[in-house]
Structure formats: C-alpha cells, structure tokens
Amino acid sequence: MSEATSRPLRIAVIGTNYLGANTAAGMAEFGFDVIGVEIDEHRLKLLNDGKAPLYEPGLDPLLKKHVDSGRLRFTKDYHQIADWADVHFICVGTPQHESSEAADLSQVNSVVDMLAPLLTRPTLVVGRSTVPVGTSKKVESRFHTEAPAGAGVEIAWQPEFLREAHGVDDTLHPDRLVFGVQSDAAETRLREVFATPISEGTPVVVCNLPTAELVKGGANAFLATKISFINALAEMADATGADVTQLADALGYDKRIGRGMLNAGPGYGGGCLPKDLRAFMHRAGELGVEEVITFLREVDDINQRRRAGIVDITHKMLGGEWVGKNVTVLGAAFKAGTDDVRDSPALDVAGRIQLHGANVSVYDPEAMENARRVRPTLRYAASAVEACEGAHAVLHLTEWPEFRELDPVALRGAVVDPVIIDARLRLDADAWRAAGWTYRAPGKP
C-alpha cells in the first residue's frame with residue numbers, strides 16, 4: 001500500500017450502479033477526488049451528466065454537485081485509475097447465479113481481470129460488494145499473482161449497509177462502519193477515508209476478512225428472518241382474530257427485539273435480502289453447516305408463502321372467481337422510495353393473479369419502466385385512479401405515501417366493487433370502511 005502523501009487521497013470506485021453511485025458521490029462529498037468506473041455506455045453518459053442510473057432520493061443533486069465541481073468524474077478506462085488512485089473500492093453487483101442459489105461473482109472476477117495487470121505500485125483494494133465468506137482471500141491471491149505490484153496490493157473488506165430509498169444518508173451518515181483488515185496501515189487508511197462520519201460518532205468495528213464478509217450476509221439473513229417471523233405471526237393473527245400491528249407494537253417495546261422490520265406484509269424483496277439469504281445458505285452448504293440451511297430455508301419459504309397468501313385472499317374476495325375479474329395492483333417496486341423491482345412482491349403477486357386469468361392493472365409512482373421490462377404482459381396505468389377504473393378488487397402492495405393519501409370516497413366511483421386489500425397495513429381502515437369499502441388486511445381483524 002502506498003505511503004501517505006501531502007495531497008488528498010484519490011479514490012476509485014469500480015461499478016457505479018446503486019452501491020457504486022452512492023459510494024462515489026459520498027466520497028466526493030467527504031472531500032476526495034473520485035473517479036468512478038462504469039463499462040455500460042448509457043450509465044456512463046448519465047453519470048458524467050450528474051444523473052444517477054436509477055431512482056434514489058437525493059442522489060442526483062449530490063452527483064451533479066461534484067461532477068460540476070470537477071471532484072467527481074466517470075470513465076470506462078481502467079488505465080485512468082490503476083496508478084492514479086490510492087484506494088480502489090469494488091462496488092459491483094453479486095446477483096444470484098442463474099443456475100443455483102450461489103452468488104454470481106463474475107463481476108468481481110472481471111474487476112480483478114481488468115485491474116490487477118495494471119497495478120504497478122502498492123495500493124489498497126477494498127471490497128464493498130456482498131460476497132460469500134472466503135471470497136476476499138481468493139481475490140487477494142489473484143491480485144498478488146497477477147498484479148505487477150504483487151503482495152504490495154493489500155485487500156480489505158468494508159461491507160455496505162445501504163437501504164434503498166435511504167442510500168445517500170446511509171452513505172454520508174452510516175450507523176456503523178466495519179473494517180475487515182489485515183494490517184494497521186489498512187485500518188489507518190480506511191479511517192482516513194471515513195474520517196467525516198467517524199468524527200460524527202459513527203462506531204467502527206475492526207475485524208478480520210471473514211468476519212467482515214459474514215457481517216453483511218448475517219445482517220441480511222437476520223432481517224429476512226425478522227420479516228418472515230412477523231409474517232408467520234400474521235398468519236396466527238388471521239387464524240385467531242388477533243391484530244398483527246398491535247402485536248408488533250407490543251413486541252417492539254422489548255429492547256431485545258425492537259420495532260424495526262416488524263411490519264407484516266407481502267414479504268421482503270429487492271436486490272439484496274432474497275439473493276443474499278440464498279447465497280448465505282449456499283455457502284453454509286459448502287461449509288457443511290446444515291443447521292443454518294434448514295433454519296434459513298424455512299425463512300425463505302415463509303416469504304414465498306406470504307405472496308401466495310395474498311393471492312389466496314384476493315381469490316376469496318373475488319368470490320372464488322378469476323376469469324372476467326379486474327384487479328388493480330398499487331405498487332410495482334419492492335418497497336417505497338425506489339424504482340427497484342428485483343424480486344418485488346408486488347410484481348410477483350400481480351403476475352400470479354394474471355396467470356390465474358384475471359385482468360391486472362398496475363401503477364407505481366417511480367418503477368413503471370422497470371416493471372414493464374420485467375412483466376411486459378401486465379397492463380400499466382398512468383395514475384392510481386386510472387388503474388382502479390373498473391376494478392373488482394384493489395391491492396395495496398407497495399407503501400408509497402401517494403397511496404395512503406388516496407381519497408376512498410372519490411375512488412369509490414371508479415371501481416366496480418369497493419374491495420381494498422391492504423397488504424402493507426398502512427391505510428386508514430376506518431376511513432376506507434366509512435367510505436363503503438370492504439377492507440381486508442392480512443393479520444388484521
């Protein structure tokens with residue numbers, strides 16, 4: 001790793017989709033000169049114009065600010081970063097492999113292919129991508145073998161904990177920093193990079209590489225478990241007449257549990273929890289830890305059953321008929337505040353209902369284009385009101401504030417049958433019932 005110099009650190013961020021775009025903009029905000037590497041020409045042009053390649057609140061103005069200042073720029077040429085940067089952050093995707101539940105590390109391996117042969121001086125390469133435990137040592141071995149700088153290339157792992165729709169704030173003001181390092185020099189360098197949030201009181205956990213790798217996978221596995229647990233209790237509530245929201249409130253006061261993520265609904269989705277949980281299970285299988293697989297398999301199964309349960313409720317509310325029925329799905333993104341439709345419960349439920357023979361109309365404030373690419377056969381409306389026209393049932397599947405603000409009295413005139421299924425448990429049940437709607441929410445009496 002290079003010696004400290006009098007000039008400010010130079011940061012390279014490799015991969016500039018969700019994680020990388022937030023990281024690059026955040027590093028520039030921290031005061032560093034930053035070059036982001038993006039091989040996709042469309043994304044590259046957007047980024048150099050100061051625009052994010054995806055919807056994330058607050059990211060566009062932050063990118064624009066630092067692109068205009070000259071502190072941040074983007075390129076597809078690895079030669080521009082190889083010996084220029086003091087720290088290289090790997091921020092590429094690790095999606096689920098097409099043929100198994102394992103993480104697909106092809107993008108990480110591609111970074112090594114491109115960067116290693118160009119590194120001629122000692123430097124620090126920091127992984128932020130979510131990877132199976134043991135990956136960092138394989139990456140290190142390749143850099144030491146393939147880079148001209150050899151063992152002068154030091155590997156660290158610094159997992160990210162960004163929440164979609166909160167990515168900018170989580171980048172600038174993280175709730176914790178985890179430094180998986182192998183030397184005091186690497187820790188010192190990372191403390192220099194993250195000096196701003198550290199000065200604000202962000203706690204730092206310094207650990208070895210495998211611990212850092214397990215932190216992110218373990219966190220996502222636990223969050224998935226918590227979501228599936230409250231959804232399992234919602235099924236108990238349905239069977240007994242209990243109220244799952246009041247139940248979650250009572251559980252949430254227990255300091256050992258906490259209220260966060262104890263929200264019953266159609267289950268978790270997105271680009272992180274589902275694939276990270278499955279990659280975690282896959283790696284546990286490779287390590288021979290069968291108990292972990294058995295436990296987390298049920299977590300994943302509960303999540304899938306939750307989606308099927310929403311479909312079953314809809315079927316009952318439609319009088320047991322699908323053909324000739326019009327169903328409105330409010331929401332396409334996997335959660336509010338993002339245009340991400342990866343493994344979206346809303347789109348999954350919409351697709352299942354369409355396969356049963358019903359006509360499905362979908363509206364989402366931000367995710368329409370992405371939804372069309374994933375589910376092109378669904379009907380997409382220009383507004384919530386348009387989506388509800390002629391509906392026999394309306395499903396609230398993504399918790400956008402716009403949907404909570406809908407006027408149930410005015411909307412009553414657009415539908416055929418005033419049936420609302422509040423799968424997110426965020427609507428005012430009394431107001432909808434007072435407007436003449438049949439209100440149904442899983443886990444609510």
Side-chain angles (χ1 to χ4, degrees), residues 1 13-15 18-20 22-23 87-97 100-112 115-116 124-144 153-163 170-171 174-187 189-191 193-194 202-225 270-293 295-296 299-300:
M1 188 167 55
V13 176
I14 306 170
Y18 180 77
L19 169 59
N22 278 285
T23 299
V87 181
H88 297 82
F89 281 101
I90 299 176
C91 296
V92 295
T94 53
Q96 185 173 331
H97 202 283
S100 75
E101 292 185 332
D104 183 349
L105 299 179
S106 59
Q107 294 182 52
V108 174
N109 290 326
S110 179
V111 171
V112 181
L115 183 61
L124 181 65
V125 176
V126 183
R128 298 206 84 199
S129 301
T130 303
V131 296
V133 61
T135 301
S136 58
K137 295 303 290 185
K138 295 177 182 177
V139 169
E140 178 184 68
S141 177
R142 287 197 58 197
F143 271 109
H144 288 180
V153 179
E154 184 167 357
I155 303 300
W157 224 262
Q158 193 267 313
E160 54 84 16
F161 305 102
L162 307 190
R163 300 164 298 160
D170 288 346
T171 298
D175 59 6
R176 79 278 206 196
L177 291 164
V178 176
F179 298 161
V181 295
Q182 302 179 91
S183 72
D184 291 341
E187 179 187 343
R189 180 53 52 86
L190 284 174
R191 286 184 179 275
V193 171
F194 292 97
T202 298
V204 178
V205 176
V206 180
C207 57
N208 60 19
L209 294 178
T211 302
E213 291 169 315
L214 277 172
V215 167
K216 180 60 184 293
N220 278 353
F222 181 78
L223 291 176
T225 300
C272 291
L273 287 191
K275 64 97 175 174
D276 288 350
L277 179 75
R278 292 161 195 158
F280 201 81
M281 287 190 287
H282 184 87
R283 185 61 175 141
E286 293 177 335
L287 296 171
V289 189
E290 298 297 330
E291 292 83 358
V292 172
I293 301 173
F295 173 61
L296 293 181
V299 170
D300 199 27

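- The structure places CG of Leu209 at 11.0 Å from OG1 of Thr135, a figure rounded to the nearest 0.5 Å.
- The two atoms that bring Ala156 and Leu124 nearest to each other are CB-CD1, 4.1 Å, heavy atoms only.
- In this structure the side chain of Phe143 reaches within 4.5 angstrom of the side chain of Val112, judged on heavy atoms.
- In terms of heavy atoms, Leu105 sits closest to Pro132 at CD2-CD, 3.8 Å.
- For the pair Thr94 (side chain) and Ala103 (backbone), a donor-acceptor distance under 3.5 Å is absent.
- Counting heavy atoms from C-beta on, the side chains of Thr23 and Arg128 come closer than 4.5 Å.
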### Task
Given side-chain contact (heavy atoms from CB on, under 4.5 Å), test Arg142 with Asn109 step by step and report yes or no.
CA-CA 9 Å; Arg142 287 197 58 197; Asn109 290 326; 3.9 Å; yes

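- One distance of note links CG of Leu223 with CG of Leu277; it measures 10.5 Å at 0.5 Å rounding.
- Across every non-hydrogen atom of Ala212 and Cys207, the tightest pair is N-SG, 3.7 Å.
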### Task
Please assess Arg283 against Val133 for the test side-chain contact (heavy atoms from CB on, under 4.5 Å), listing each intermediate value before the final yes or no.
CA-CA 7 Å; Arg283 185 61 175 141; Val133 61; 3.7 Å; yes

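- Annotation for Glu154 and Ser183: closest pair OE2-OG, 2.7 Å, computed over non-hydrogen atoms.
- Interatomic distance, CD of Glu140 versus CD of Gln182, reported as 4.5 Å (0.5 Å rounding).
- Val125 places none of its side-chain heavy atoms less than 4.5 Å from the side chain of Val139.
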### Evaluation steps, side-chain hydrogen bond (donor to acceptor under 3.5 Å, both in side chains), between Glu213 and Ser136
CA-CA 8 Å; Glu213 291 169 315; Ser136 58; 3.0 Å; yes

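- If you take CG on Asp170 and CD on Glu160, they are separated by 9.0 Å, rounding to the nearest 0.5 Å.
- For the pair Arg191/Val206, a side-chain contact is recorded, criterion being any heavy-atom separation below 4.5 Å from C-beta on.
- Of all the heavy atoms in Val87 and Val126, the pair that sits closest is CG1-CG2, 3.7 Å.
- For the atom pair CZ of Phe280 and OG1 of Thr130, the computed distance is 11.5 Å after rounding to the nearest 0.5 Å.
- Annotation: side chain of Lys275 is not in contact with side chain of Pro95 (no heavy-atom distance under 4.5 Å).
- The nearest pair of heavy atoms linking Leu296 to Ala221 is CD1-CB, 4.1 Å.
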### side-chain contact (heavy atoms from CB on, under 4.5 Å) assessment of Gln158 paired with Val181
CA-CA 8 Å; Gln158 193 267 313; Val181 295; over 6 Å; no

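- Ring geometry for Phe194 versus Phe179: interplanar angle of 30 to 60°, hence tilted.
- Taking CH2 of Trp157 as the start and CG of Asn208 as the end, the distance is 14.0 Å to the nearest 0.5 Å.
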